S.K.: 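What follows is a structure written as structure tokens; I'll ask about it next.
Just so we're clear, the structure is a prediction, and the values are computed from it rather than from any experiment.
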Amino acid sequence: MKQPEKQPFFYDITLRDGNQSLKKPWSLPEKEIIFKRLLELNVQAVEVGFANSSEMDFEACKYLASIAPENLVVSSLARCVESDITSAVKALSCASIPRIHTFLTLSPFHMKYVLNKEPNEVRKTAIEAVKFAYEQVKKTNKNGEVQFSVEHFGDCGENIDFVIDTLQEIVKAGATTINLPNTVERKRPRVFLDMIEKVYTALPKNISISLHNHNDLGMATATTVEGYFSGAVQLECALNGLGERAGNTNFYEVAVALHNSGVEVPVDLSKIYETALIISQMSKVDIYEKAPLTGPDALAHRSGIHQDGALKTKDMEFGAYRPIHPSLIGRKDDEKIGFTSQSGKTAIFEIISKAGYPITIQEAIRLAPVVKEAAEKIGELPTRNIIDIYFNEICNIKGVFKLTKFDHIGEGKFVLEFNYKDKDYKMTGSGNGPIDACMDALKQAGFERKLLHYKQIAMDEELLGSGANAMSVIHIEGDDGSKVIGRAIHKNTAVANVKAIFNAYNLIYKD
């Protein structure tokens with residue numbers, strides 16, 4: 001599909017359509033906070049309210065218009081009633097670019113059963129209202145504009161020719177923006193977009209076609225994005241998708257979807273995540289767990305296959321299992337790896353590593369069956385549970401060797417007491433330090449193994465607890481020449497070393 005020539009024009013409706021749907025609408029100070037967030041997002045137009053709905057709304061419209069920057073279109077809703085239009089013009093008198101947004105249904109169903117009027121009577125009312133609005137706003141400000149909305153345009157399929165003919169007259173009366181709302185989403189997007197294209201083709205090309213889609217069937221974002229490619233330039237959206245019933249088109253989803261489609265979006269995308277959190281708090285409407293882009297689970301992976309791909313591409317802009325890099329919208333959190341019975345070794349490795357504990361992928365493979373068994377019982381495992389399993393299965397391995405005692409008895413000499421398959425041993429070992437002495441004692445007892453490597457890893461005391469601050473890591477040669485890793489943690493370094501050796505031996509010697 002050919003890229004549209006005009007840049008998308010974001011017309012935000014949070015302060016009007018979003019606000020009116022709240023259980024507790026916002027006060028003027030709250031509206032000001034949201035208005036300033038919209039300016040930070042760099043939206044081009046803001047519908048600040050419905051000026052004639054109440055004195056409070058009038059004052060809010062008037063104040064926000066007075067603090068609006070010169071390049072911002074500031075709009076107020078008004079029915080096709082002179083008092084509404086007059087109130088809106090007065091409220092927006094301080095705005096550099098005031099816009100009167102008037103509306104009336106042209107839907108056969110609505111005209112018959114809600115307005116109880118004949119189509120030609122409704123048509124006349126709409127044309128006269130637009131003409132009045134144009135005359136009034138131009139008296140106040142030569143930059144003034146008029147927008148007309150066909151309420152329930154989505155229900156106008158059977159009388160689309162009547163609607164187009166009426167809109168042509170409305171344009172002649174002064175409207176420069178024609179808004180085509182899916183006031184109640186009932187049909188699949190393609191049916192609605194075919195109607196949009198018919199209007200777009202029939203009207204002069206200097207007229208801006210606008211979309212205002214509700215999300216009753218969950219397709220508002222798709223309809224709005226595809227609507228842009230069908231001729232609609234103005235996209236009416238709400239922060240966090242706030243709005244009546246299932247809400248309005250979600251601002252963030254549309255902006256990012258267009259960005260991903262190669263469209264130059266005139267919005268500061270980096271402000272999205274912070275804005276979403278603020279709006280959620282102020283509206284008392286939680287961002288649901290699975291919400292696209294901003295939800296707590298939007299970056300979560302629990303499938304083992306997904307986790308593997310996500311971790312292999314986590315530092316790349318294009319991720320294996322995410323639509324964007326989180327930083328694009330200002331998210332500072334990384335992709336979340338949660339462990340369930342559907343997860344695997346990659347998740348274990350990532351969770352334990354991220355918690356600050358050393359682990360190899362081979363150790364993660366060894367832990368997988370135990371962690372999966374625990375997850376099958378309780379569901380997604382908290383990190384603490386996984387770390388506890390790590391300690392039990394990696395740092396405190398139960399097996400045929402049981403360390404009883406290890407004492408320093410003189411320079412280079414240590415006594416080692418242990419049990420092997422119910423037989424007690426007491427050996428004196430010598431060497432350059434406790435590791436050499438322990439290996440010597442085990443050799444004398446008939447358990448000779450080659451020490452390949454040794455190191456100590458400094459650990460965070462908050463992680464380890466009990467005063468421990470280091471982990472001993474011992475590499476011992478296995479039967480097939482492989483490297484077997486033993487780990488142990490203890491506040492006494494010598495004891496940690498010996499415990500690590502015994503953990504390695506328990507991995508080598510089986511029942």
Side-chain angles (χ1 to χ4, degrees), residues 6 9 11-13 16-17 44-53 57-58 61-62 64-66 68 70-106 111 115 117 119-153 156 162-181 199-200 202-212 231-236:
K6 293 184 179 180
F9 185 90
Y11 179 103
D12 189 87
I13 53 175
R16 199 275 299 170
D17 218 353
Q44 295 108 308
V46 178
E47 190 161 276
V48 290
F50 185 171
N52 205 38
S53 63
D57 224 33
F58 176 86
C61 291
K62 183 177 180 181
L64 295 178
S66 73
E70 291 185 359
N71 63 340
L72 183 76
V73 173
V74 183
S75 175
S76 170
L77 190 69
R79 294 169 297 177
C80 287
V81 177
E82 287 192 2
S83 58
D84 274 20
I85 294 168
T86 301
S87 180
V89 171
K90 186 176 179 181
L92 302 183
S93 60
C94 291
S96 296
I97 313 174
R99 181 185 291 182
I100 309 306
H101 176 194
T102 191
F103 67 98
L104 195 59
T105 186
L106 296 177
M111 288 189 290
L115 299 185
K117 292 182 178 180
N120 284 333
E121 183 183 358
V122 176
R123 166 193 171 103
K124 181 181 178 182
T125 299
I127 295 169
E128 289 179 349
V130 169
K131 183 178 180 181
F132 180 75
Y134 179 81
E135 291 170 349
Q136 295 302 308
V137 75
K138 287 295 186 180
K139 284 181 184 177
T140 304
N141 189 322
K142 65 179 181 179
N143 295 321
E145 302 174 354
V146 177
Q147 171 173 318
F148 179 79
S149 287
V150 183
E151 188 184 10
H152 287 287
F153 175 76
C156 294
F162 167 79
V163 172
I164 289 173
D165 185 61
T166 302
L167 289 177
Q168 288 172 334
E169 293 303 313
I170 283 173
V171 166
K172 291 177 184 177
T176 54
T177 300
I178 298 298
N179 185 41
L180 305 173
V199 175
Y200 171 74
L203 295 183
K205 292 301 168 274
N206 64 324
I207 299 301
S208 292
I209 300 298
S210 171
L211 291 183
H212 176 117
V233 172
Q234 178 169 291
L235 310 175
E236 301 199 2

S.K.: Just so I know, are the side chains of Asn143 and Ser96 near enough to count as touching, which here means a heavy-atom distance under 4.5 Å?
M.R.: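 Sidechains of Ser96 and Asn143: no contact.
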S.K.: Pair Leu203, Gln168 - check side chain to side chain contact (heavy atoms under 4.5 Å, CB included), show working.
M.R.: CA-CA 6 Å; Leu203 295 183; Gln168 288 172 334; 3.8 Å; yes
S.K.: How many angstroms lie between atom NZ of Lys90 and atom NZ of Lys62, to the nearest 0.5 angstrom?
M.R.: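 Interatomic distance, Lys90 NZ to Lys62 NZ, rounded to 0.5 Å: 7.0 Å.
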S.K.: Check whether Asp57 reaches the backbone of Gly49 with its side chain - one donor and one acceptor, N or O, closer than 3.5 Å.
M.R.: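 Absent.
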S.K.: So, the side chain of Thr105 versus the backbone of Glu151: is there a donor-acceptor pair under 3.5 Å, distance only?
M.R.: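 Yes: the side chain of Thr105 pairs with the backbone of Glu151.
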S.K.: State, to 0.1 Å, how close Phe9 and Ala45 come at their nearest heavy-atom pair, and which atoms those are.
M.R.: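 Nearest pair, atom of Phe9 first, then Ala45: CE2-CB, 3.5 Å.
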S.K.: CG of Leu115 to CD of Glu121: how many Å apart, nearest 0.5 Å?
M.R.: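 So the gap between those two atoms works out to 9.0 Å.
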S.K.: Answer whether the closest heavy-atom distance between the side chains of Leu64 and Val46 falls below 4.5 Å.
M.R.: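 Counting from C-beta outward, Leu64 and Val46 never come under 4.5 Å.
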S.K.: Looking at residues at least two apart in the chain, or sitting in another chain, which of them share a side-chain contact (heavy atoms from CB on, under 4.5 Å) with Pro119?
M.R.: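 Partners of Pro119 under the side-chain contact (heavy atoms from CB on, under 4.5 Å) test: Met111, Phe162.
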S.K.: Looking at every heavy atom in both Pro181 and Asn179, which two are closest together, and how far apart are they?
M.R.: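 Of all heavy-atom pairs spanning Pro181 and Asn179, the closest is CD-O, 3.2 Å.
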S.K.: Give me the atom names and distance for the closest heavy-atom approach of Ala51 to Ser76.
M.R.: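 Here Ala51 and Ser76 meet closest at N-OG, 3.2 Å.
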S.K.: Between Asp84 and Arg79, what is the shortest heavy-atom contact and its length?
M.R.: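 Shortest heavy-atom contact: OD2-NE, 2.7 Å.
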S.K.: For a 4.5 angstrom cut-off between non-hydrogen side-chain atoms, does Ile170 reach Val146?
M.R.: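 No; the side chains remain at least 4.5 Å from each other.
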S.K.: Just so I know, are the side chains of Thr177 and His101 near enough to count as touching, which here means a heavy-atom distance under 4.5 Å?
M.R.: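 No, every pair of side-chain atoms sits at 4.5 Å or beyond.
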S.K.: Measure the spacing between NE2 of His152 and CG of Leu180 and express it to the nearest 0.5 Å.
M.R.: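 If we round to the nearest 0.5 Å, His152:NE2 and Leu180:CG are 14.0 Å apart.
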S.K.: Tell me every residue that passes side-chain contact (heavy atoms from CB on, under 4.5 Å) with Thr125, counting only those two or more places apart in sequence or in another chain.
M.R.: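 In terms of side-chain contact (heavy atoms from CB on, under 4.5 Å), with neighbours along the sequence ignored, Thr125 is linked to Cys80, Leu104.
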S.K.: Could you tell me whether the side chains of Ser210 and Tyr11 share a donor-acceptor contact shorter than 3.5 Å?
M.R.: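 On atom types as modelled, these side chains do not qualify, holding no pair under 3.5 Å.
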S.K.: Under 3.5 Å, sequence neighbours excluded: what are the donor-acceptor pairs made by side chains of residues 126-138?
M.R.:
{"unit_1": "Lys138", "atom_1": "NZ", "unit_2": "Lys142", "atom_2": "O", "d": "2.7"}
{"unit_1": "Lys138", "atom_1": "NZ", "unit_2": "Gly144", "atom_2": "O", "d": "3.1"}

S.K.: For Ala95, which residues count as a side-chain contact (heavy atoms from CB on, under 4.5 Å) partner, sequence neighbours excluded?
M.R.: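 Applying side-chain contact (heavy atoms from CB on, under 4.5 Å) to Ala95 gives Ala65, Val74, Pro98.
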S.K.: Going by atom types only, do Gln147 and Glu236 share a side-chain donor-acceptor pair under 3.5 Å?
M.R.: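 Yes, side-chain donor-acceptor contact under 3.5 Å.
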S.K.: To the closest 0.5 Å, what do you measure between CZ (Phe153) and CG (Leu167)?
M.R.: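 Answer rounded to 0.5 Å: 7.5 Å.
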S.K.: Minimum heavy-atom separation for Leu92 to Arg99, with atom names?
M.R.: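 Heavy-atom minimum between the residues: CD1-O, 3.4 Å.
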S.K.: Might you confirm whether atom NZ of Lys124 has over 12 heavy atoms from other residues, nucleotides or ligands at distances under 6.0 Å?
M.R.: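 Counting other residues, nucleotides and ligands, NZ of Lys124 stays at 12 neighbours or fewer.
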S.K.: Return the set of residues passing salt bridge (charged side-chain N to carboxylate O under 4.0 Å, His left out) with Lys172 (not counting sequence neighbours), or none when no residue passes.
M.R.: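 For Lys172, the residues satisfying salt bridge (charged side-chain N to carboxylate O under 4.0 Å, His left out) (neighbours in sequence not counted) are Glu169.
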S.K.: Nearest 0.5 Å, please: how far is OG in Ser75 from CD1 in Ile97?
M.R.: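 These two atoms lie 12.0 Å from each other.
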S.K.: Could you tell me if the side chain of Val73 sits less than 4.5 Å from the side chain of Gln44, heavy atoms only?
M.R.: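 No; the side chains remain at least 4.5 Å from each other.
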S.K.: CD1/Ile85 to CG/Leu77 distance, rounded to the nearest 0.5 angstrom?
M.R.: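 With rounding to 0.5 Å, CD1 (Ile85) is 10.5 Å from CG (Leu77).
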S.K.: Ile178 and Ala175: which non-hydrogen atoms are nearest, and at how many Å?
M.R.: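 The pair with the smallest heavy-atom distance is CD1-CB, 4.1 Å.
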S.K.: What pairs with Thr140 under side-chain contact (heavy atoms from CB on, under 4.5 Å), at least two apart in sequence or on another chain?
M.R.: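 Once residues adjacent in sequence are excluded, the partners of Thr140 under the side-chain contact (heavy atoms from CB on, under 4.5 Å) criterion are Val89, Ser93.
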